[in-house]
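Whatever order the structure lists ligands and atoms in, that order sets their numbers, starting from 1.
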Amino acid sequence: MNPAKELENVAQEVAQCTKCDLQYSRKNAVPGEGPSDAELLFIGEGPGFHENEQGRPFVGAAGRFLDELLTSINLKRSEVFITNVVKCRPPGNRDPQTEELAACSNYLDRQIHALNPKVIVTLGRFSMARFLPNAKISSVHGQGMRIRGRLVVAMYHPAAALHQHSLKKTIEADFSRLPVIIDQAGQMPEYQEPQNEDKTEPKQLSMF
Ligand code: URA
Ligand code: SF4
């Protein structure tokens, strides 16, 4: 498989895709963009207004913040691959629905397979849920976790962080640790899903 060719195939199929109802609200599909040999893959939620107008990911306010975050760790946007879990804009920027996520998931799977990135950064809960269905973003954000052989780092969505000062500080701190995580990518242990809390026995009873 030629990665660049496969990414191009995905982009062409996405542009004409009729697999879910988001086909009706899109002006331009947004397959994602970046070099086929990118080591870092960012996965957001879905195109918003500006992305739908331009057919490119993260080009609005959240995108400018993402650019700043990349610059803060000496990376250029042109060095990373950026995409979303759904490739067409949900009307009014509503959340993507279960059927839409399911209909679109194969495109992202193919992109991940073609890119074979060293590290995947999920932005927001919908992309985190693909790898960590039961995780809480507040407890796992910013940590490198090996999930089914892939190194994944969950982060808050930059759009959410833009409007909340404490989240902005958190995502900035999480980004600042990305270079170390990328360096250590080979050594991360496999992530264990947390136990269901209802079933968890108290770890140790007090002896007193
Ligand atoms: N928010 C996203 O999740 N994706 C984009 O492409 C733009 C904004
Ligand atoms: Fe196809 Fe995905 Fe667009 Fe739905 S969101 S029409 S599945 S490309």
For [atom], closest protein heavy-atom neighbour:
atom                    : value
atom 2 (Fe) of ligand 2 : C104 SG, 2.3 Å
atom 4 (Fe) of ligand 2 : C20 SG, 2.3 Å
atom 4 (N) of ligand 1  : N84 OD1, 2.7 Å
atom 3 (Fe) of ligand 2 : C88 SG, 2.3 Å

If we ignore angles and hydrogens, is there a donor and acceptor under 3.5 Å between the side chains of K87 and Q111? yes
Using distance alone, with no hydrogens and no angle criterion, decide if Q16 and Q12 have a side-chain donor and acceptor under 3.5 Å apart. no
Below 4.0 angstrom from a heavy atom of G44, which ligand 1 atoms are there? Numbered from 1 as shown, please.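 Near G44, the atoms of ligand 1 are 3 (O).
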Out of all atoms in ligand 1, which are within 4.0 Å of some heavy atom of E45? Include the element for each. 2 (C), 3 (O)
Could you tell me, atom by atom, which parts of ligand 2 come under 4.0 Å of a heavy atom of R26? 3 (Fe), 6 (S)
Subset of ligand 2 atoms that lie under 4.0 Å from at least one heavy atom of A103: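 Going through ligand 2 atom by atom, the ones under 4.0 Å from A103 are 7 (S).
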If the threshold is 4.0 Å, N to carboxylate O, is there a salt bridge linking E8 and K5?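 Salt bridge: no.
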Charged N to carboxylate O below 4.0 Å: is that the case for R89 and E53? no
Report yes or no: is the cationic atom of K19 (NZ for Lys, CZ for Arg) under 6.0 Å from the centre of the six-membered ring of Y107, at an angle within 45° of the ring normal?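 Yes, cation above the ring, under 6.0 Å and within 45°.
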Between E51 and ligand 1, find which residue part has any heavy-atom pair under 4.0 Å and reply side chain, backbone, both or neither.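 E51 to ligand 1: side-chain contact only, backbone stays beyond 4.0 Å.
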When you look at R125 and D95, which way does the salt bridge (charged side-chain N to carboxylate O under 4.0 Å, His left out) test go after all the steps? CA-CA 10 Å; R125 63 197 162 104; D95 289 347; 2.9 Å; yes
Main-chain N/O of A29 paired with R26 side-chain donor or acceptor, under 3.5 Å: no
For ligand 1, is there an N or O atom under 3.5 Å from any N or O atom of G46? yes
Counting backbone and side-chain atoms alike, does C17 have an N/O/S atom under 2.8 Å from atom 2 (Fe) of ligand 2?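 For C17, the answer is no, given that no N, O or S atom comes within less than 2.8 Å of atom 2 (Fe) of ligand 2.
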Using every non-hydrogen atom in the two residues, find where A38 and E79 come nearest and quote the distance to one decimal. CB-O, 3.7 Å
For H157, state whether at least one heavy atom is located under 4.0 Å from any atom of ligand 1.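 The answer is yes, since H157 has a heavy atom less than 4.0 Å from ligand 1.
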Parallel, tilted or perpendicular, judged at 30° and 60°: which one describes the rings of Y156 and H141? tilted
Among L151, L115, I112, V153, exactly one meets side-chain contact (heavy atoms from CB on, under 4.5 Å) together with I120. Which residue is that? I112
Looking at non-hydrogen atoms alone, which of F58, F65, F126 comes nearest to atom 8 (C) of ligand 1? F58
Residue-ligand contact E13/ligand 2, heavy atom below 4.0 Å: no
Contact partition for E100 relative to ligand 2, non-hydrogen atoms under 4.0 Å: neither
